[in-house]
Amino acid sequence: MKNIKNILRVWSLIIILFISIINITYADITDINLTIRDGSTIVFSGLIPLPPTGDILLNTHTLNANSVLSIINDADILSSDFSISDLQYYDSFSSFYLKCITSSVGNDCDNWQYTVNDTYPGISMDKKILSGGENVYVYFGPQNKVILSSNSITTLDTLTVTAQKY
């Protein structure tokens with residue numbers, strides 16, 4: 001039953017992608033620009049069509065088809081670059097938790113974060129609903145990064161410290 005649902009979902013995504021390619025104006029408004037990064041490695045970067053409004057069934061729980069998590073799931077189905085290797089549902093929160101993603105970097109767990117249009121939404125990925133045209137950036141690790149120009153210095157050396165924010 002799960003395989004049939006996945007096959008139907010893949011075909012519906014292919015149809016949506018086909019419609020998006022035919023109608024460029026429509027694609028500009030409804031696509032989601034998704035980037036998934038693990039450290040300095042871009043694991044996935046591409047446009048994912050925003051599905052029609054409604055709910056999908058994911059791991060026996062309903063999920064808004066226009067949520068950030070649904071878009072990540074669609075990218076997982078369409079791409080071999082990564083896979084959601086551990087997705088948990090918590091009844092106490094009525095919410096999913098994206099625990100692990102496996103990619104060429106490895107299987108990273110428990111520190112996936114995201115932004116939408118450079119803003120931290122402050123809600124879980126399954127609760128943030130997209131309308132189309134957003135830039136979604138999913139990354140592993142802290143939002144801040146400090147880069148040192150050298151790993152060791154003496155009192156006569158210059159040290160440059162660069163602070164970055166994803």
Side-chain angles (χ1 to χ4, degrees), residues 1-39 41-91 93-141 166:
M1 184 71 160
K2 184 177 178 183
N3 288 338
I4 292 172
K5 288 180 183 177
N6 283 338
I7 291 170
L8 291 174
R9 183 133 168 90
V10 168
W11 275 108
S12 66
L13 289 171
I14 290 170
I15 291 169
I16 290 169
L17 185 60
F18 179 73
I19 290 170
S20 297
I21 290 170
I22 290 173
N23 189 346
I24 299 301
T25 304
Y26 178 74
D28 291 342
I29 299 170
T30 61
D31 285 350
I32 304 299
N33 183 21
L34 175 64
T35 301
I36 301 174
R37 181 177 180 165
D38 188 345
T41 302
I42 300 294
V43 173
F44 175 86
S45 183
L47 295 175
I48 302 297
L50 185 69
T53 303
D55 290 333
I56 63 167
L57 190 62
L58 186 62
N59 296 353
T60 70
H61 297 280
T62 59
L63 173 67
N64 187 307
N66 296 127
S67 69
V68 170
L69 181 58
S70 178
I71 296 301
I72 296 168
N73 185 62
D74 290 350
D76 178 11
I77 292 169
L78 293 171
S79 171
S80 61
D81 295 339
F82 73 99
S83 66
I84 298 172
S85 52
D86 193 351
L87 181 64
Q88 300 176 0
Y89 186 83
Y90 289 90
D91 288 318
F93 296 106
S94 298
S95 188
F96 285 95
Y97 171 58
L98 177 59
K99 183 170 176 70
C100 303
I101 290 180
T102 300
S103 69
S104 60
V105 177
N107 187 42
D108 291 311
C109 302
D110 291 321
N111 205 1
W112 289 99
Q113 300 182 57
Y114 77 106
T115 64
V116 176
N117 294 332
D118 297 323
T119 302
Y120 291 90
I123 56 177
S124 64
M125 293 177 182
D126 63 329
K127 302 298 183 200
K128 178 62 180 170
I129 308 305
L130 304 170
S131 58
E134 291 94 345
N135 293 307
V136 176
Y137 192 83
V138 179
Y139 63 93
F140 184 78
Y166 284 114

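As the structure is a prediction and not an experimental result, all values here were calculated from the model.
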Exercise. Quick one: pull up OG in Ser104 and CD1 in Ile42 and give me the separation to the nearest 0.5 Å.
Key: 11.0 Å

Quiz item: Side chains of Asp126 and Ser95: donor-acceptor distance under 3.5 Å anywhere?
Solution: yes

Self-check item: Side chain to side chain, Leu34 and Tyr114, heavy atoms closer than 4.5 Å
Solution: no

Practice problem: Would you give the length of the straight line joining atom OG of Ser85 to atom CD1 of Ile101, rounded to the nearest 0.5 angstrom? | Solution: 7.5 Å

Exercise. Please round to the nearest 0.5 Å and tell me the distance separating atom OG1 of Thr62 and atom CD1 of Ile56.
Key: 9.5 Å

Self-check item: Side chain proximity check, Phe140 to Thr41, heavy atoms < 4.5 angstrom
Solution: no

Self-check item: Rounded distance [0.5 Å steps], CG in Asp74 versus CD1 in Ile32
Solution: 10.5 Å

Quiz item: Less than 4.5 Å apart, any side-chain heavy atom of Met125 and any of Val138?
Solution: yes

Quiz item: Considering all heavy atoms of both residues, which atom of Asn64 and which atom of Asp55 are nearest to each other, and what is their separation?
Solution: CA-OD1, 3.6 Å

Exercise. Kindly assign one of parallel, tilted or perpendicular to the pair Tyr137 and Tyr139, based on the angle between their ring planes and the thresholds 30° and 60°.
Key: tilted

Quiz item: Can you name the nearest heavy-atom pair linking Asn107 to Cys100, along with the distance?
Solution: OD1-CB, 3.7 Å

Practice problem: Working to the nearest 0.5 Å, report the span between CG of Asp31 and CD of Glu134. | Solution: 11.0 Å

Quiz item: Where the side chain of Ser103 meets the backbone of Phe82, is there a donor-acceptor pair that is under 3.5 Å apart?
Solution: no

Self-check item: Backbone of Ser67 reached by a side-chain donor or acceptor of Ser70 within 3.5 Å
Solution: no

Quiz prompt | Side-chain heavy atoms of Asp86 within contact of Cys109, under 4.5 Å | solution = no

Exercise. Quick one: closest heavy-atom pair of Pro121 and Lys128, and the distance?
Key: CB-CD, 4.0 Å

Quiz item: Do the ring planes of Phe96 and His61 sit parallel (below 30°), tilted (30 to 60°) or perpendicular (above 60°)?
Solution: perpendicular

Quiz item: Do Asn135 and Asp118 come within less than 4.5 Å of each other through their side chains, counting heavy atoms only?
Solution: no

Quiz item: Taking atom CG of Asn111 as the centre, does the number of heavy atoms from other residues, nucleotides or ligands within less than 6.0 Å exceed 12?
Solution: yes

Practice problem: Determine whether Val136 and Ile71 make a side-chain contact, defined as any pair of heavy atoms from C-beta on separated by less than 4.5 Å. | Solution: no

Quiz item: Is there side-chain contact between Leu69 and Leu87, with at least one heavy-atom pair below 4.5 Å?
Solution: yes

Quiz item: Heavy atoms, side chains only, cut-off 4.5 Å: are Tyr89 and Asn59 in contact?
Solution: no

Quiz item: Can you tell me how far CD1 of Ile48 sits from OG1 of Thr30, rounded to the nearest 0.5 angstrom?
Solution: 11.5 Å

